[in-house]
Protein chains: 2
Amino acid sequence: MVPSSREAILLEARRCFAEQGFDGTSLNDIAAGVGLRKPSLLHHFASKEAIYRDVFETSLADFIVRVEAAVAEQDQAGWSKLDHVVTAAFEFFTDNAEFVRIMRREALDGQGHLGVDLGTVLKPLFDRAVGFFENEIGAGRFRKHDPEQLIITGTSAIMGYFSDVPFWRGVLDRDPLSEDALAARLDHFREFFRAALEP
Amino acid sequence: MVPSSREAILLEARRCFAEQGFDGTSLNDIAAGVGLRKPSLLHHFASKEAIYRDVFETSLADFIVRVEAAVAEQDQAGWSKLDHVVTAAFEFFTDNAEFVRIMRREALDGQGHLGVDLGTVLKPLFDRAVGFFENEIGAGRFRKHDPEQLIITGTSAIMGYFSDVPFWRGVLDRDPLSEDALAARLDHFREFFRAALEP
DNA sequence: GTCTATATAAGGATAGAC
DNA sequence: GTCTATCCTTATATAGAC
């Protein structure tokens, strides 16, 4: 099935916004990638910002749904619960590597290109994770670490791998998004955090 | 002493590039912050890119010098050596938080705004760190982890805190760059990595 | 060194033909 | 739905007065 113009625009826009950012992407860039002219884009979307909003908010909502599902799926406590959620998030990032780069740009920009503040949207998730760690540490299933700091460390360690793919490609001299490289990254992450957390 | 125009331009440019990126910053933004007009900037620098190059390359060189010094300063092995270098890097980031954001934007962009590739410049440092971890793990002073992955995890965990300051400010509801917050972050980082690395 | 005025290009967005 | 042509704004950069 041939993708509709609208879908093709969103795909190419996501690629461009991930690679070059909002300001670094022109409607011409997107149009050229799709094989259309600039005004044709604005037949499908009201503005450049509307395209960006669609790209970003759709993926962000998918991400939150995926994480919530992983939290709900698994009723155990301690490491196996955390492992399950972390693995689900990692797999989402694997399938949506471009989104991680867009999200990182939002986190970096302070004043985003949309009305929504990423921090406000993700704070509920963050607070629940803090509660989880407090609980596990209190029950003695994890070693004592500051829960907020744990989450900063964990999310940064996962997201940094995906967001800085161009950089890591240069440093490692291989494709960080190959199947093997991704499996190695996830393995390491799980082992490293288990080593630091398990009593 | 009143800073020269040139110095004032570089300061304001660093602030803008960190906050809004290269494409998101106009010469008018910088000029307004300094209290000059656009053409006056181009009396001191050949182009917008020349301003950016000065801001970025100066800080990057300072960073490399600081890390090399920390590596040389301390002749011990194992955790105390790593701790010394990590703390030195963290202190550099504390004093140069804006630079971390600029560096992250470079890592994110793939094709930077300069001829220099950040990955190529930092690869020697990376390779030496790999050698260090191989050595320490081989000697049994650290638990077994993949050295490359360790460095990705460590640098991402430190840099993510500084680069995403606007995001963390929203999530944590406090200033991530306050003296207390920075001390807590460094403490956590050191303890967490010690917990994961020490046998 | 700093300014005003201006050249030149690129970007987002609209009008209207097909 | 897609196009060409065009409007308007902003951006980098230069020329030349003070």
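Source: prediction; values computed, not measured.
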Students often get this wrong, so: under 4.0 angstrom with heavy atoms, is A:Ser26 touching a base, only sugar-phosphate, or nothing?
sugar-phosphate

Under 4.0 Å, counting only non-hydrogen atoms across every strand here, what does B:Leu27 touch: a base, just sugar-phosphate, or nothing?
sugar-phosphate

Taking [atom1] from [X] and [atom2] from [N], how many angstroms apart are they, rounded to a whole number?
X        : N      : atom1 : atom2 : answer
A:His113 : C:dG12 : NE2   : P     : 13 Å
A:Glu7   : D:dG1  : CD    : P     : 13 Å
B:Asp29  : D:dT10 : CG    : P     : 12 Å
B:Ile9   : C:dG1  : CD1   : P     : 10 Å
B:Leu41  : D:dA11 : CG    : C1'   : 13 Å

Which nucleotide in the list [options] gets nearest to the side chain of [X]?
X       : options               : value
B:Ser40 : C:dG11, D:dA13, C:dT2 : C:dT2
B:Arg37 : D:dC3, D:dG1, C:dT4   : C:dT4
B:Leu42 : D:dA13, D:dT2, C:dG1  : D:dA13
B:Leu36 : D:dT2, C:dC3, C:dA13  : C:dC3
B:Pro39 : D:dC3, D:dG1, C:dA5   : C:dA5
A:Ser47 : C:dA13, C:dT2, D:dC3  : C:dA13

Polar side-chain atom of A:His188 near backbone of B:Thr153 as donor-acceptor pair, under 3.5 Å:
no

Comparing nearest nucleotides in DNA chain C, the 5'-proximal residue of the pair A:Glu49, B:Ser5 is B:Ser5

Can you tell me if A:Asn28 touches the phosphate of C:dG11, counting only side-chain N or O atoms and a distance under 4.0 Å to OP1 or OP2?
yes

Would you say C:dT14 has OP1 or OP2 under 4.0 Å from some side-chain N or O of A:His43?
no

Run through B:Phe63, B:Phe189, B:Phe162 and flag the one making a ring-ring contact (aromatic ring centres under 6.0 Å, His included) with B:Phe90.
B:Phe162

Between A:Ile152 and A:Val130, is there shared hydrophobic-cluster membership here, with clusters defined by ILVMFWY side-chain heavy atoms closer than 4.5 Å?
yes

Drop me the distance from B:Cys16's SG to B:Glu12's CD, to the nearest 0.5 angstrom.
4.0 Å

Mark yes or no for a side-chain to base donor-acceptor pair under 3.5 Å between A:Lys38 and C:dG11, with no hydrogen or angle criteria applied.
no

Could you check whether B:Lys123 pairs with B:Asp127 (Lys NZ or Arg NE/NH1/NH2 to Asp/Glu carboxylate O, under 4.0 Å)?
yes

